[in-house]
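Small disclaimer: the values here were computed from a predicted structure and weren't measured. Order of the sequence lines fixes the chain letters, A, B, ..., with proteins taken first and strands second; residue numbering starts at 1 for each chain.
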Amino acid sequence: MEELRGILATLPPSRPAPAEGGGVKTPPRLELPALPNAEQGKVVLRFAPFPSGALHLGSARGVFLNDAYRKRYDGKFYVVYDDTVGSEEKRPFLEAYDLIRQDLETVDVVPDAYYYKSDRMELYYRRLPPLFESGKAYVCTCPAETLRENRRTGTACAERDRPLEWHREAWEGMLSGKYAPGEAIVRIKTDMAHPNPAFRDRVLFRISDFEHPRVGKRYRVWPMLEYAFAVDDLELGITHVLRGKDLMMEDMMEQALWSAWGRQGPELIHWGLLSVRDAKISKSKSYAEVMSGVYDGWSDPRTWSFTSLFRRGIRPEAIRSFVLSFGMSLADIEVPAESLYAENRKLLDPVTPRRAFVADPRVVAVEGFPDDLASVSLANHPTREELGRRDVRVQGGRFYLAARDVDQHRGKEFRLKDLVNIELTDDGHARFTSRPNKPIPRVQWVAADGAVPVSLLQVDGSRVEGMGEGSLASVKEGELFQFERVGFVRADPQTPDGPRRFVFGHP
RNA sequence: GCUCCCGUAGUCUAGUGGUCAAGGAUAGAGGCCUCUCGAGCCUCUGACGCGGGUUCAAAUCCCGCCGGGAGCACCA
């Protein structure tokens, strides 16, 4: 898996055109540095996710940087499922292939092709014999522990210099089942005294009996990531590899292999590691919680998956701007999720209608509420008239206020925002005082008449229950609102009865 | 420990020897708004890790130090 941890000449045209007036900010134009040796129309890029779960915010850098350069150079972009057999702790999962495909669709990234490493095993095998012949690879039957120790001390293993024929036969033996898992591996011959201990005769192939989710037990000898990439990057004509700098050592491996094959590989370019503060992202934890039902599927906000962000009303363009703003810097960074929200807010604020919602509601009956005040017309947006208005019935003077507001304003006069001024006595009774606006605290309210119960899913998976204004009764999935003084929300699918369901996006 | 990478405001980023008395974003502070204590608008605060060089001139080049990160798996 190499998608973990992730401006073109212009921003994508999908960004909503800034409307006139309304104080809409023009987003800054972002530019990515040019790629070395990149020719217009001839750039071929690839993104290689390990199919163990949905794509999430940690994958975003790989997705959007590749896509941005693909567009900038009018090139190709492939998804290569990095689905070799994995290990005990890291296994590919069948469902993940489709999840990843859907996630890419969700964020409007459409690859030119999909490839599966598990379909390309013969290609990997075919490239190996020449390495035996040129003495660049060998079969090693050391136990893992011996191998580690030798690597540490820079000691070559006894088999390293056996004759070519022995290695050929041993390789056949690996394929045919003569060796059990762990009993034989293929290693590259670099230099056992290489200053970087991590680079001393690394493993190219190993035996695994795991059943692969796509190809079952058809193969028992599997390549390591670096070898598979070294082959695919040549076979697929990749011109530039963009990946996180955690894979820098893999560069050395790929380059060693290309040079052994007498070929020139693509340019290798890295970005620093990205972590998002406030977002503890663990694909394996998410997988476990999704499977066990603790999480509400991959759209549970706690996964930080693309789908879950979408469900929260976070637009793909916001994620794109967010990750592209980091550029190709090699510095490791930790960014607060707040930055992502700020990007999304620029997109949503100008187009999102306001609605009233109060959490933890208390009923307040206002004594002396004016009889002639039957309804009030409220703007859907404080500055953008084109978003229209709505009428809210207030007859009878019964309101829901947030418990917090009730407590805070007990014994004081305050204004029901956009409506009238009232006073709350110490024992909780409310009475009308006056109508004109004046500089006193303003409190959010929901008219009890017609109010609908609302359940708001939070980022931590909990729910806040409250009451929303009557116009929310007919809400449909996907509608976006700003609950005033609460934040931006997106409507979940609704059920005929029960509360209206929303997902909290961000303030 | 070894190898590699990185170091501009709280955070992210622009900057590739002069136009940088360092630009933008975000966060923070203050203000505005016939009405969002959480949106919007305006203003303000705030940075080149340290020490040596090179140069007429350095955030930009060189060396050292300090600090941070990654790799050292028969995972990806």
Side-chain angles (χ1 to χ4, degrees), chain A residues 1-5 22-25 27-31 48-52 82-92 140 142-144 147-148 151-152 181-187 194-200 202-208 222 224-226 228-229 244-252 270 272-275 277 283 321-322 325-327 329-336 338-343 345-346 348-350 352 354 356 378-379 381-384 404-405 408 415-419 436-444 482-488 506-507:
Chain A
M1 158 187 70
E2 77 169 41
E3 87 273 26
L4 255 186
R5 346 242 176 169
V24 178
K25 271 186 202 164
R29 285 180 166 249
L30 304 168
E31 275 188 35
F50 182 64
S52 66
D82 193 12
D83 65 335
T84 53
V85 75
S87 64
E88 195 89 53
E89 311 83 59
K90 268 188 192 171
R91 312 294 318 279
C140 168
C142 296
L147 185 150
R148 243 193 317 273
R151 187 131 63 198
R152 197 179 63 76
E183 286 183 355
I185 51 173
V186 178
R187 302 173 69 181
H194 195 280
N196 187 346
F199 194 55
R200 292 172 184 165
R202 284 175 69 89
V203 177
L204 260 25
F205 283 91
R206 88 295 196 178
I207 301 167
S208 171
W222 290 86
M224 306 301 287
L225 169 144
E226 303 94 313
F229 271 131
K245 76 176 190 187
D246 50 321
L247 264 2
M248 268 182 146
M249 195 184 55
E250 281 66 15
D251 289 8
M252 296 169 71
H270 302 84
L273 271 31
L274 163 70
S275 61
R277 192 158 51 224
K283 211 149 69 161
S321 307
F322 173 67
S325 73
F326 309 138
S329 157
L330 274 164
D332 301 330
I333 56 175
E334 186 187 42
V335 188
E338 188 59 43
S339 297
L340 171 64
Y341 303 156
E343 289 298 334
R345 194 145 51 220
K346 288 175 200 164
L348 295 196
D349 183 72
T352 307
R354 272 50 175 172
L378 298 177
H381 192 281
T383 54
R384 307 192 67 224
R404 199 177 132 216
D405 284 328
Q408 196 174 335
R415 182 167 179 80
L416 298 180
K417 185 176 170 296
D418 297 306
L419 194 62
N437 185 30
K438 54 182 181 177
I440 52 177
R442 289 152 189 154
V443 167
Q444 191 56 245
Q482 187 205 57
F483 285 172
E484 288 198 32
R485 298 182 172 188
V486 175
F488 293 93
H506 53 82

In the strands shown, is [N] matched to any nucleotide by a Watson-Crick or G-U wobble pair with both distances under 3.5 Å, and which?
N	value
B:rG10	B:rU26
B:rU34	none
B:rA70	B:rU3
B:rA47	none

Counting the atoms with a prime plus P, OP1 and OP2 as sugar-phosphate, which does [X] contact under 4.0 Å by heavy atoms, base, sugar-phosphate, or nothing?
X	value
A:Gly86	sugar-phosphate
A:Met252	nothing
A:Asp83	nothing
A:Leu330	sugar-phosphate

Give the nucleotide from the list [options] with an atom nearest to the side chain of [X].
X	options	answer
A:Val203	B:rG68, B:rC74, B:rA39	B:rC74
A:Arg345	B:rG71, B:rC74, B:rA39	B:rA39
A:Pro195	B:rU3, B:rU36, B:rC74	B:rU3
A:Asp246	B:rC75, B:rA70, B:rC74	B:rA70
A:Arg151	B:rU36, B:rA27, B:rC74	B:rC74
A:Arg404	B:rG38, B:rA27, B:rC4	B:rG38

| Non-neighbouring partners of A:Arg404 that pass salt bridge (charged side-chain N to carboxylate O under 4.0 Å, His left out), sequence neighbours left out | none
| By salt bridge (charged side-chain N to carboxylate O under 4.0 Å, His left out), which residues pair with A:Arg354, not counting sequence neighbours? | A:Asp349
| Partners of A:Leu330 by side chain to side chain contact (heavy atoms under 4.5 Å, CB included), sequence neighbours excluded? |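 For A:Leu330 the side chain to side chain contact (heavy atoms under 4.5 Å, CB included) partners, ignoring immediate neighbours, are A:Lys245, A:Met248, A:His270.
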| task | Quick one: list whatever passes side chain to side chain contact (heavy atoms under 4.5 Å, CB included) with A:Arg442, sequence neighbours left out. | result | A:Arg415, A:Lys417, A:Asn437, A:Arg485
| said: I want to confirm an ordering. Mapping A:Gly182 and A:Gln444 to their closest nucleotides on RNA chain B, which one lands closer to the 5' end? | reply: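 Its nucleotide being nearer the 5' end, the pick is A:Gln444.
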Partner residues of [X] under the side chain to side chain donor-acceptor pair (under 3.5 Å) criterion, sequence neighbours left out:
X	value
A:Glu338	A:Arg345
A:Glu334	A:Arg277
A:Glu226	A:Arg202
A:Asp83	A:Tyr97, A:Ser118

Please produce a list of atom pairs where a protein N or O lies less than 3.5 Å from an N or O of nucleotides 29-35 of chain B.
residue : atom : partner  : partner atom : Å
B:rC35  : O2   : A:Arg415 : NE           : 3.3
B:rC35  : O2   : A:Asp418 : N            : 3.1
B:rC35  : N3   : A:Arg415 : NE           : 2.6
B:rC35  : N3   : A:Arg415 : NH2          : 3.0
B:rC35  : N3   : A:Asp418 : N            : 3.4
B:rC35  : N4   : A:Arg415 : NH2          : 2.3

Please list each protein N or O that sits under 3.5 Å from an N or O in nucleotides 11-15 of chain B, with the distance.
residue : atom : partner  : partner atom : Å
B:rU11  : O3'  : A:Glu334 : O            : 3.3
B:rU11  : O2'  : A:Glu334 : O            : 3.4
B:rC12  : OP1  : A:Glu334 : N            : 3.4

| task | Could you give me the CA-CA distance, side-chain angles and deciding distance for A:Phe229 and A:Glu250, then say whether side chain to side chain contact (heavy atoms under 4.5 Å, CB included) is met? | result | CA-CA 9 Å; A:Phe229 271 131; A:Glu250 281 66 15; over 6 Å; no
| said: Which heavy atom of A:Ser208 sits nearest to which heavy atom of A:Trp222, and what is that distance? | reply: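 Distance-wise, the nearest heavy atoms are CB-CD1, 4.0 Å.
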| field | Atom pair distance, as rounded to whole Å: CG in A:Leu147 and P in B:rC74 | value | 6 Å
| message | Could you check whether any side-chain N or O of A:Lys90 sits under 3.5 Å from a backbone N or O of A:Phe50, counting only pairs where one atom can act as donor and the other as acceptor? | response |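 Side chain of A:Lys90 to backbone of A:Phe50: no pair is present.
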Using a cutoff of under 3.5 Å, can you pull out all pairs of nitrogen or oxygen atoms linking the protein to nucleotides 44-46 of chain B, with atom names and distances?
none

| Residue list, ring-ring contact (aromatic ring centres under 6.0 Å, His included) with A:Phe483, at least two apart or on another chain |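 Partners of A:Phe483 under the ring-ring contact (aromatic ring centres under 6.0 Å, His included) test: A:Phe357, A:Phe502.
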